[in-house]
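Letters A, B, ... are given to chains in the order of the sequence lines, protein chains preceding strands, and every chain is numbered from 1. Quick note: numbers below take in every heavy atom, side chains included, and nothing from hydrogens, waters or symmetry partners. Just so it is clear, the model here is predicted, and its values are computed rather than measured.
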Number of protein chains: 2
Amino acid sequence: MKLSTKGRYAVTAMMDLTLHENEGPVTLSDISQCQGISLSYLEQLFARLRKHGLVTGVRGPGGGYRLAQPADRITVADVILAVDDNVDATRCGGKGDCQDGERCLTHDLWSDLSGQIYDFLNGITLAGLAERPSIREVMARQDLKHARSRAPSPSAA
Amino acid sequence: MKLSTKGRYAVTAMMDLTLHENEGPVTLSDISQCQGISLSYLEQLFARLRKHGLVTGVRGPGGGYRLAQPADRITVADVILAVDDNVDATRCGGKGDCQDGERCLTHDLWSDLSGQIYDFLNGITLAGLAERPSIREVMARQDLKHARSRAPSPSAA
DNA sequence: TCAATTTCCCAGTATTTCAGTGGGAAATAG
DNA sequence: CTATTTCCCACTGAAATACTGGGAAATTGA
């Protein structure tokens, strides 16, 4: 389990898709402008997300990306694992003969901890994140702005 | 909150100190041989751990490093934050005027998640890690080996 | 049919971080 | 005094990160 800015970019971008899920596909240039990430770098990230079956791309005008699965079935761990490829784990490869053949217990310990971190992140879905109070608050403000032709109806998807 | 091999090295090294806490200071060359990390790189890591008040160095023969605080007061989050310096967090710096002044909510969302990860790792102390069954098991084997004045026990592993 | 949009794809580059190398100074135990 | 070990610094190679740029394929709408 690795946790870097790359993973953060991916998660925030996926949240963008989640929050605008019912407004059609989201273009990468939108996310690029919002997040301040270069378009091509986003393309690279989304290529991986697509290969891992997390998003689907829609080409052409009006196209963009949308979630390939319901938001409550995609976890933060899924997203992070999709973008940063394999973790090499231990240096001694679990040979266990590092020093006197006994000292290497800390390796097991890390894999133990790492597993816990994974379980934790795997328990947080995009839908779950989107339901947080701090987010719903900002979403409500957005709804007001976007309701330009009619009275603000509380109808959510 | 960042989670990389650097942080893993630091945590596993700190666990080494924790597990041999009552055997006097642990030298970096010991950890180097065990973990397969270069001595100088470990020195760099421990310089940071020392500056953050997590370890104390003892010079001279018989010296080494020991925990600067009781193992149940040092958390995994402490260790990780000590070695990988600041996380820049958001790119737009929370200006909030990224697109239409409304799209940047995903940043808040990430800081929310990041805070949760921190809380999680901050709830795991070195002492807590050392008490895990898988670790105690290996520790027990070590105790047998270190008891050299008695008859050698049947081969482990 | 044509132009604009947008995903897709690939090859290259700059920057940063990771990890290691090497030399040497200061403290300390024996 | 000497061996050990922390401390400190400056440098290097390798890898990951993040960006640049060019272009092809699909799709929409005029």
Side-chain angles (χ1 to χ4, degrees), chain A residues 2-13 16-17 20 24-33 35-52 54-68 80 82-92, chain B residues 2-13 16-17 20 24-33 35-68 80 82-88 90-92:
Chain A
K2 200 166 64 174
L3 196 59
S4 60
T5 58
K6 198 171 176 181
R8 191 187 74 215
Y9 285 159
V11 171
T12 51
D16 229 320
L17 300 199
H20 302 93
V26 178
T27 68
L28 291 191
S29 57
D30 274 358
I31 299 178
S32 170
Q33 287 176 26
Q35 235 99 318
I37 316 169
S38 81
L39 181 60
S40 291
Y41 190 46
L42 270 177
E43 282 176 351
Q44 289 172 34
L45 293 181
F46 271 78
R48 283 181 152 166
L49 293 172
R50 195 170 59 85
K51 280 170 189 164
H52 283 256
L54 298 181
V55 299
T56 54
V58 182
R59 291 183 171 186
Y65 284 95
R66 51 174 29 139
L67 299 181
I80 290 177
V83 290
D84 32 67
D85 33 20
N86 62 339
V87 194
D88 64 336
T90 58
R91 173 67 64 89
C92 81
Chain B
K2 202 167 65 174
L3 197 58
S4 59
T5 58
K6 199 173 178 181
R8 191 187 73 215
Y9 285 160
V11 172
T12 51
D16 230 319
L17 299 199
H20 301 94
V26 179
T27 68
L28 290 191
S29 59
D30 273 358
I31 300 178
S32 171
Q33 287 176 25
Q35 234 100 318
I37 316 171
S38 81
L39 182 61
S40 291
Y41 191 45
L42 271 177
E43 283 177 351
Q44 289 172 35
L45 293 182
F46 272 77
R48 282 178 154 168
L49 293 173
R50 195 170 59 85
K51 280 170 189 165
H52 283 256
L54 298 180
V55 299
T56 54
V58 181
R59 291 183 171 185
Y65 282 96
R66 51 173 31 138
L67 298 181
I80 291 176
V83 290
D84 26 73
D85 33 21
N86 63 340
V87 195
D88 64 336
T90 56
R91 174 65 65 87
C92 81

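Using a 4.0 Å heavy-atom distance criterion, A:L39 is classed as making no nucleic acid contact. Counting any heavy atom pair closer than 4.0 Å across all strands shown, A:Y65 reaches sugar-phosphate atoms only and no base atom. At a threshold of 4.0 angstrom between heavy atoms, the contacts of B:T27 are confined to the sugar-phosphate backbone, with no base atom among them.
Comparing A:R59 and B:G62 by the nucleotide of DNA chain D that holds the closest heavy atom to each, the one mapping nearer the 5' end is B:G62. Along DNA chain D, the nucleotide nearest B:G60 and the nucleotide nearest A:K6 are compared for position; the residue whose nucleotide lies closer to the 5' end is B:G60.
Looking only at atom types and distance, the side chain of B:S40 has no donor-acceptor partner in the side chain of B:S38 under 3.5 Å away.
Under 4.0 angstrom from either OP1 or OP2 of C:dC18 there lies at least one side-chain N or O belonging to B:S4. OP1 or OP2 of C:dT7 has not a single side-chain nitrogen or oxygen of A:R50 nearer than 4.0 Å. Within the structure, every side-chain polar atom (N or O) of A:S29 is placed at least 4.0 Å from both OP1 and OP2 of C:dT6.
The nearest pair of heavy atoms linking A:D16 to A:V26 is O-CG2, 4.3 Å. The minimum heavy-atom distance between A:L67 and A:T56, with the atom names listed, is O-OG1, 4.3 Å.
The interatomic distance linking B:K51 (NZ) with D:dC7 (P) rounds to 11 Å, in whole Å. Protein atom CG of A:L17 is 11 Å distant from nucleotide atom P of C:dT7, rounded to whole Å. In this structure, A:Y41 atom OH and C:dT16 atom P are separated by 14 Å, rounded to whole Å. In this structure, B:Y9 places its OH atom 18 Å from P of C:dT17, rounding to the nearest Å. Rounded to whole Å, the distance from CD1 on B:I31 to C1' on C:dG20 is 17 Å. Rounded to a whole Å, the NZ atom of B:K2 is 14 Å from the P atom of D:dA16. Spacing between atom CG of A:L45 and atom P of D:dA18 amounts to 8 Å, rounded to whole angstrom units. Following rounding to the nearest Å, A:R48 (CZ) and C:dC9 (P) show an atom-to-atom distance of 14 Å.
Exactly one residue among A:L45, A:L42, A:I31 makes a side-chain contact (heavy atoms from CB on, under 4.5 Å) with A:Y9. That residue is A:L45.
Looking at the side chain of A:Q44, the nearest of the listed nucleotides D:dC7, C:dG20, D:dT20 is D:dT20. Checked against D:dC19, D:dC8, C:dC18, the side chain of B:E43 finds its nearest nucleotide in D:dC8.
Under the 4.5 Å side-chain criterion, counting only non-hydrogen atoms from C-beta, A:K6 is in contact with A:Y41.
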